[in-house]
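Values below: every heavy atom of this structure, side chains too, minus hydrogens, waters and symmetry copies. Numbered from 1 within each chain, the chains take letters A, B, ... in sequence-line order.
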Protein chains: 2
Amino acid sequence: MVQKTRRPPPAPAKPAPAKPDAAAAPKRRGRPRAYQPDVALGRALDLFRKSGFAATSLDDLSAATGMNRPSLYGAFGDKRELYIKSYERYRENARAALADVFRAQLPLRKRLERIYGIALDIYISGEEGPKGCFTVLTAASEAVNDPVIRAMVIDSLAELDRAFASCFRVGKERGELSDDADPVVLSQLASATLHTIAIRARAHVSRKELEAIVKGAIGVMCGTGK
Amino acid sequence: MVQKTRRPPPAPAKPAPAKPDAAAAPKRRGRPRAYQPDVALGRALDLFRKSGFAATSLDDLSAATGMNRPSLYGAFGDKRELYIKSYERYRENARAALADVFRAQLPLRKRLERIYGIALDIYISGEEGPKGCFTVLTAASEAVNDPVIRAMVIDSLAELDRAFASCFRVGKERGELSDDADPVVLSQLASATLHTIAIRARAHVSRKELEAIVKGAIGVMCGTGK
DNA sequence: TGTCTTTTGTACCATTTCGCAAACTATTCC
DNA sequence: GGAATAGTTTGCGAAATGGTACAAAAGACA
């Protein structure tokens, strides 16, 4: 007997922006929010990324976002929902950061270099120690027990594999790879390289060393074309 | 003002076995233990591996080990120390499981296959979902904030790299690799492959798929010698 | 002006969590 | 048998945790 009156589910957070066109001022009804959901979610993401789900308390989140707990709850739902939304946000950010490169028409090597460079930017960012990759370092842990998070993790991994595979396919068509190169296998190796640097970054391995690993991996994947 | 009288540090847990030779019955002094430290530590390890540090409570540990909290504390120290000891134990186990293969004189490919096979056994074991690799999935998370754990993680990663590198060096000497193959670079790729399957295993990717990834990776690393 | 709507802030609750002290029990040594 | 020793059990307690009720606040609308 936990819940009593509890408004249905905490509402889909989205303020249902009247008309998707009226961008500027649909003039919401009641008391105006004291926070920007976007930046608050960003702060929450930072925390979760740093400490994982269990070690991040609602008080921490409350302090970091500047919202008090009831507001947090109203805006994002309970802790787990907030975690999931943070993870979604992380994925959007990562996708956005990498979209250009994955779309661009660059030589394969150059492209890979850029991708890993951006990834390193993401993994190493953060004043309080490098934060690594959300998928690898906190979501994967939760994945065993939570089916929703698990599905997201699987999807993230698959998405990355696919993006890399497409790079390698294009590269192969352009003759940048030997004929017997298998784009799918290479894509998995490319993902693996991303994963390993995420882990190592978390352990404070220096950017220089990580870049060396990347360089070596690219060399192997693209053939020893020295 | 938390601690008051607190016996110094909880003592190095080791009962200081009188003489290292008197293997069988050094006849400990006081009341005999109701638990076997070894199996208790194993249980603790299982729990930490499944849920990570923060999400595992002392009550959980107490239930799993059959020891009540004061005994736990007396035997292993506080939660963090128990975590660290569990991690040490995990590393010992992993080392032991892999020692033979790393020492054996096998053809490179065969050797790698065996290594990954054993790794998969470790990663997938566990009734309540696959547990993955301690280093990758829980220790790495803690590594940002805890210097001791960080050092252990770095050491684990380096140890693995070195072991793989030695495999590749031997393989190269035997002519199983092309002359321009770089054992160090390959070792990092081999580690990366291990890391990626640890992560994927945690997300319930099937053993068959993981084996396919391994097979592809070995193919690339050892040269396309089909 | 007054009503209605949405959000905030305070305070609260039940539960869990970690850690510890104090008393009790089983064993060895003398 | 009586210390001395090592371990167990019970149970406390202070703090933290996730979550919520409720009244006050701030604006829109009529």
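- Using a 4.5 Å heavy-atom cutoff, the side chains of B/C167 and B/F102 are in contact.
- A salt bridge links B/R200 to A/D161: one of the charged nitrogens lies within less than 4.0 Å of a carboxylate oxygen.
- Contact annotation: the side chain of A/F168 never approaches that of A/V185 to less than 4.5 Å [non-hydrogen atoms, C-beta and beyond].
- Rounded to whole Å, atom P of D/dG7 lies 14 Å from atom CD of B/Q36.
- Residues satisfying the salt bridge (Lys or Arg N to Asp or Glu O under 4.0 Å) criterion with B/R29, sequence neighbours excluded, are absent altogether.
- Distance NZ (B/K79) to P (D/dA16): 15 Å, rounded to an integer number of Å.
- Counting heavy atoms from C-beta on, the side chains of B/D146 and B/R150 never come closer than 4.5 Å.
- Electrostatic pairing of A/R91 and A/D155 counts as a salt bridge here, judged by a charged N lying under 4.0 Å from a carboxylate O.
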Look for any protein N or O under 3.5 Å of an N or O in nucleotides 2-6 of chain C and output each such pair with its distance, or none.
| unit_1 | atom_1 | unit_2 | atom_2 | d |
| --- | --- | --- | --- | --- |
| C/dT6 | O3' | A/R28 | NH2 | 3.2 |
| C/dT6 | O2 | A/R31 | N | 2.9 |

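- Between the OH atom of B/Y73 and the C1' atom of C/dT17 there is a distance of 15 Å, rounded to whole Å.
- When rounded to the nearest whole Å, the span between OH of B/Y35 and P of D/dA6 equals 13 Å.
- B/E211 pairs by the salt bridge (Lys or Arg N to Asp or Glu O under 4.0 Å) definition with B/R207, not counting sequence neighbours.
- B/F76 has its CZ atom 16 Å from the P atom of C/dC18, to the nearest Å.
- For the helix from C/dT1-D/dA30 to C/dC30-D/dG1, the end axes, each set by the C1' atoms of five terminal pairs, are bent relative to each other by 0° (nearest 10°).
- For DNA chain C, the neighbouring residues in residues 56-72 of chain A, judged by any heavy atom under 4.0 Å, are A/N68, A/P70, A/S71.
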For the pair A/Y87 and A/F53, evaluate ring-ring contact (aromatic ring centres under 6.0 Å, His included) and give the outcome as yes or no after the intermediate values. CA-CA 11 Å; A/Y87 187 20; A/F53 178 77; over 10 Å; no

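- Distance B/F53 CZ to C/dT17 P: 13 Å, rounded to the nearest Å.
- Residues satisfying the side chain to side chain donor-acceptor pair (under 3.5 Å) test with A/N93, not counting sequence neighbours, are none.
- With contacts defined as side-chain heavy-atom distances shorter than 4.5 Å, the pair A/L194/A/F164 qualifies.
- In this structure, CG in B/L58 is found 7.0 Å from CG in B/L72, a value given to the nearest 0.5 Å.
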